[in-house]
Enquirer: 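Here's a structure for you.
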Amino acid sequence: MHGGGLELALVFLLAAVLAVPVFKRFGLGAVLGYLAAGALLGPHALAVVRDADRVLAASEIGVVMLLFVIGLELSLPRLKVMRRPIFGVGGLQVLLSGIALALLSMGAGLAWKAALVVGLGLALSSTAVGLQLLSERKELTAEHGRLAFAILLFQDLAAIPLLAAIPLLGAHAGTGDGNGWLAVAKAVAAIAALVLGGRYLLRHVFRVIARTGMPEVFTAAALLVVLGSAWLMQLAGLSAGLGAFLAGVLLAESEFRHELESQIQPFEGLLLGLFFMAVGMSIDLQRVAAEPLAILAGTGLLLAVKFALLLGLGLRPGRLDLRGSLLLAGTLALGGEFAFVVFGEAAKAGLLEAPQRDRLVAIVGLSMAATPLLLLLISRLAPKPGGKPSRDYDRIPDEHPHVMVAGFGRFGQIVARLLWAQKIPFIAIDPDVEQVDFVRRFGNQIYYGDPTRLDLLRSAGAAGVKLFVVALDDVEASLRLVGLLRSHYPDAVVFARARDRRHAWQLTDLGARAWRELFGSSLEMGRDVLVALGMDPAQAEARALRFRAFDDRLMEAQRLLQDDEDALLQSAQDARRELAELFEADAGEGALGRIVDRRD
């Protein structure tokens with residue numbers, strides 16, 4: 001490396017500040033900007049950094065932190081019900097991709113043992129690139145985003161036996177030392193130790209630290225948990241990110257979840273950018289220039305095979321629509337950073353020669369660089385519904401509102417009228433220009449704009465808003481906005497309109513308080529129906545309140561099952577029986593008969 005640590009840090013930061021805005025300006029995304037900057041700074045171009053492996057090893061902390069934050073969004077019960085997409089779709093993806101790519105490797109001249117390792121290594125996708133692209137596009141909570149995460153999680157688990165098998169398949173296999181199976185045993189023991197220790201110790205540790213009232217100590221403790229969990233998994237020969245993910249899952253239901261997320265995210269973003277730069281540095285541009293046709297053909301073949309298989313898996317067992325399946329395939333068709341480790345171990349075991357390893361590393365790196373472009377192409381071929389705004393957005397002044405209402409349809413208007421009657425300052429924004437013009441005719445102060453844009457929120461004074469009301473019609477837009485608000489304004493309260501139960505679950509997972517748009521009015525009408533049939537009004541009111549309490553409990557229980565369709569259907573059937581039993585004692589034949597008699 002040229003220069004000292006300070007000079008190198010300045011070069012990295014300067015490259016990120018220059019490259020990422022330029023690439024995002026042209027719609028290419030931050031990931032491609034980081035990769036390009038890394039390739040330019042690496043040993044195969046300007047050679048500002050000569051040892052890319054050391055930078056890659058250090059920057060993996062960014063991936064570790066990303067997986068910890070994602071783990072905080074889940075919980076052990078939620079992870080348990082995700083077993084079908086994880087082991088079903090994820091298992092099929094690794095198996096089918098591994099077999100197809102292994103056969104192609106054998107056709108290219110590799111022996112069957114080497115081809116098997118190469119096929120399974122290429123079957124693994126990049127967790128860091130995939131999740132970052134989903135996060136940039138606000139698609140982590142979408143159907144294809146959740147399925148992509150399940151597949152990536154299985155791939156991390158599949159890497160355990162793959163690494164253990166490489167020495168057994170290598171040139172010196174057959175010594176009978178049992179190191180491969182010992183590695184598997186160590187991996188299982190490490191996972192068990194982390195789960196058991198974390199489940200019974202972590203909350204108590206953070207409670208003690210929180211009582212000190214020292215934020216810097218809490219931050220240090222959060223970093224210690226993340227890096228300590230990663231280190232434990234690494235000692236056992238596993239992915240460091242898997243350890244951090246498990247630690248996040250164990251803390252997902254604790255009262256410290258949001259505080260931990262806010263402490264880790266600033267480190268995560270910067271270090272993840274460094275990781276992408278390090279991946280760019282690992283791309284051997286000289287090798288690509290020397291064998292352009294072979295490496296480009298290999299990259300295209302890798303993307304094509306995995307894309308086709310993922311598209312089919314998304315449509316059939318994944319139950320996605322065509323657009324979701326295309327986005328899933330585009331996100332995960334690339335190779336993964338774990339392939340670098342697999343191919344390195346395969347070379348040490350005598351399965352691969354150094355030039356073969358270098359070609360494979362270049363193919364994986366180029367596939368990572370091509371993925372943002374592939375997703376951009378898919379987005380244009382399968383555009384989201386809705387066109388461009390017919391006029392420029394309004395300039396929104398900062399009037400220091402206490403409440404911001406996003407969406408001024410029938411739902412948002414009722415909330416706004418109640419605020420206006422109490423003289424509570426609020427600001428209303430709607431992305432539908434026709435709706436804005438219509439309600440303005442009745443004297444409403446409303447602005448035309450896209451509330452999912454951070455610059456618009458800032459100009460409207462969102463930093464001082466105490467409560468956000470998200471009443472947008474579009475489900476995806478409401479999820480994007482809630483995610484944006486929780487990231488940038490974590491102290492504000494967020495109330496969000498939900499179209500249905502699934503939408504309500506997604507909003508709750510993001511940290512908002514969800515209000516189903518038709519539930520309250522339907523329940524009131526049901527109460528009045530009972531009164532019209534002859535039931536005493538007080539009794540009808542009590543029944544309605546009891547039903548609301550029952551449904552609220554059911555909503556929370558089913559939220560943990562939302563990723564398991566079979567468990568969800570069984571829960572609905574059980575709830576129907578439970579509801580009947582709940583009212584059976586009060587609604588006997590006599591009471592029901594009296595209602596019918598009064599009707600006649």
Enquirer: A side-chain contact here means heavy atoms from C-beta on lying under 4.5 Å apart; do Leu133 and Pro372 qualify?
Expert: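 Of all side-chain heavy-atom pairs linking Pro372 with Leu133, at least one is under 4.5 Å.
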Enquirer: Would you check if Glu139 and Arg480 make a side-chain contact, meaning some heavy-atom pair closer than 4.5 Å?
Expert: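 Of all side-chain heavy-atom pairs linking Arg480 with Glu139, none is under 4.5 Å.
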Enquirer: Do you know which two heavy atoms are closest between Ala100 and Leu309, and how far apart they sit?
Expert: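 Reported closest heavy-atom pair: CB-CD1, 4.3 Å.
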Enquirer: Given side chain to side chain contact (heavy atoms under 4.5 Å, CB included), test Phe276 with Met368 step by step and report yes or no.
Expert: CA-CA 9 Å; Phe276 294 133; Met368 291 182 180; over 6 Å; no
Enquirer: If we ignore angles and hydrogens, is there a donor and acceptor under 3.5 Å between the side chains of Ser478 and His503?
Expert: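 Side-chain D/A pair, Ser478 to His503: present.
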Enquirer: When rounded to the nearest 0.5 angstrom, what is the spacing between CZ in Arg357 and CZ in Phe343?
Expert: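 It is 11.5 Å, given to the nearest 0.5 Å.
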Enquirer: As an exercise, state the distance from CG of Leu313 to CG of Leu328, rounded to the nearest 0.5 Å.
Expert: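 The CG atom of Leu328 is 8.0 Å from CG of Leu313, to the nearest 0.5 Å.
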Enquirer: Heavy atoms only: give me the nearest Gly33-Ala19 pair and the separation to one decimal.
Expert: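 Heavy atoms of Gly33 and Ala19 come nearest at O-CB, 3.6 Å.
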Enquirer: The criterion is salt bridge (charged side-chain N to carboxylate O under 4.0 Å, His left out); which residues satisfy it with Glu291, sequence neighbours excluded?
Expert: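 Glu291 satisfies salt bridge (charged side-chain N to carboxylate O under 4.0 Å, His left out) with Arg287, Arg359 only.
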Enquirer: Who are the side chain to side chain contact (heavy atoms under 4.5 Å, CB included) partners of Ala102, not counting sequence neighbours?
Expert: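 None.
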Enquirer: Got a sec, which residues hit salt bridge (charged side-chain N to carboxylate O under 4.0 Å, His left out) with Arg453, two or more places apart in sequence or on another chain?
Expert: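 Counting only residues at least two positions away or on another chain, Arg453 forms a salt bridge (charged side-chain N to carboxylate O under 4.0 Å, His left out) with Asp455.
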Enquirer: With a cut-off of 3.5 Å and sequence neighbours excluded, list every side-chain donor-acceptor pair involving residues 294-308.
Expert:
| unit_1 | atom_1 | unit_2 | atom_2 | d |
| --- | --- | --- | --- | --- |
| Thr299 | OG1 | Ile295 | O | 2.9 |
| Lys306 | NZ | Leu122 | O | 3.0 |
| Lys306 | NZ | Ala123 | O | 3.2 |
| Lys306 | NZ | Leu124 | O | 3.4 |
| Lys306 | NZ | Ser125 | OG | 3.0 |
| Lys306 | NZ | Leu334 | O | 2.7 |

Enquirer: Can you sort out the partners of Arg499 under salt bridge (charged side-chain N to carboxylate O under 4.0 Å, His left out), two or more places apart, ordered by chain and number?
Expert: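 Once residues adjacent in sequence are excluded, Arg499 has no partner under the salt bridge (charged side-chain N to carboxylate O under 4.0 Å, His left out) criterion.
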Enquirer: Decide yes or no for Leu360 and Val118: does some side-chain heavy atom of the first lie under 4.5 Å from some side-chain heavy atom of the second?
Expert: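 Leu360 vs Val118: side chains touch.
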Enquirer: Ring centres of Phe245 and Phe149 under 6.0 Å apart?
Expert: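 For Phe245 and Phe149, the ring centres are under 6.0 Å apart.
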Enquirer: Find the distance between CD (Gln132) and OG1 (Thr127) and round it off to the nearest 0.5 Å.
Expert: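 That separation rounds to 12.5 Å.
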Enquirer: So, using side chain to side chain contact (heavy atoms under 4.5 Å, CB included) as the criterion, who are the partners of Ala278 when residues are at least two apart?
Expert: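 For Ala278, the residues satisfying side chain to side chain contact (heavy atoms under 4.5 Å, CB included) (neighbours in sequence not counted) are Val55, Leu56, Ser59.
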